[in-house]
Amino acid sequence: MAHITANYLPEGDDWLVTVTTDTEQRSARAPGLIAARDQADQLIEQLAPSSVGRIVIHLLDGDGFAFTTAYLQARHGVSAAPAGGTAQTGR
């Protein structure tokens, strides 16, 4: 099975997620990135019910790094590393 792409686009306060396989495409809207990720999971299950060999690539407007950064920030409140590239720790 080829990879599945889940692409997220902000639309005001909502998010549009489009899940694409080799042969099909489905979209949904959700209020927030976390809800959009949940919608993507549901669409993926509809399009490819078997998880065996399934590879899903999540993108924010075509950018995987941007999705990962935005998702971690939304889910866990993680922000980007400081300009020096080192994490700040409390002392």
Side-chain angles (χ1 to χ4, degrees):
M1 170 182 281
H3 68 271
I4 298 168
T5 302
N7 193 51
Y8 303 79
L9 294 171
E11 291 189 334
D13 291 335
D14 292 336
W15 288 79
L16 172 67
V17 58
T18 302
V19 175
T20 306
T21 67
D22 286 340
T23 58
E24 293 183 75
Q25 179 174 310
R26 294 195 184 162
S27 297
R29 283 185 173 71
L33 185 56
I34 295 170
R37 175 65 164 77
D38 292 341
Q39 284 289 325
D41 287 343
Q42 293 174 20
L43 294 173
I44 292 162
E45 282 297 319
Q46 293 171 13
L47 294 171
S50 174
S51 63
V52 175
R54 181 171 66 193
I55 298 170
V56 180
I57 302 168
H58 296 271
L59 307 168
L60 173 58
D61 197 16
D63 185 337
F65 181 75
F67 173 80
T68 301
T69 301
Y71 184 75
L72 288 174
Q73 189 169 11
R75 176 68 83 181
H76 303 289
V78 175
S79 61
T86 59
Q88 301 271 334
T89 58
R91 292 187 181 169

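Everything numeric here is computed off the predicted structure, so don't read it as measured data. All residue numbers in this chain count up from 1 along the given sequence.
- The two residues Ala35 and Ala30 come nearest to each other via the heavy atoms C-CB, 3.6 Å.
- With sequence neighbours excluded, the residues forming a side chain to side chain contact (heavy atoms under 4.5 Å, CB included) with Asp14 are Pro31, listed by chain and number.
- The two residues Ile34 and Ala74 come nearest to each other via the heavy atoms CD1-O, 3.4 Å.
- The heavy-atom pair separating Ala48 from Arg54 by the smallest distance is O-NH1, 2.5 Å.
- Between the CD1 atom in Ile44 and the CZ atom in Arg26 there is a gap of 12.0 Å [rounded to 0.5 Å].
- The shortest side-chain heavy-atom distance between Tyr71 and His58 does not fall under the 4.5 Å cut-off.
- Thr21 pairs by the side chain to side chain contact (heavy atoms under 4.5 Å, CB included) definition with Ile4, Thr23, Glu24, Leu47, not counting sequence neighbours.
- Taking every heavy atom of both residues into account, Ala40 and Tyr8 meet most closely at CB-OH, 3.2 Å.
- Taking 4.5 Å as the limit, some side-chain heavy atom of Phe67 sits within range of a side-chain heavy atom of Leu33.
- Residues Pro10 and Leu60 come closest through the heavy atom pair CD-CD1, 4.2 Å.
- Closest of all the heavy-atom pairs between Leu59 and Gly64 is CD2-N, 3.4 Å.
- In this structure the side chain of Asn7 never reaches within 4.5 angstrom of the side chain of Thr20, judged on heavy atoms.
- One hydrophobic cluster, built from ILVMFWY side chains closer than 4.5 Å, holds both Trp15 and Val56.
- Contact of the Val19 side chain with the Gln46 side chain is not registered, since no non-hydrogen atoms from C-beta on lie closer than 4.5 Å.
- For Ser27, the side chain to side chain contact (heavy atoms under 4.5 Å, CB included) partners two or more places apart in sequence, or in a different chain, are Leu16, Thr18.
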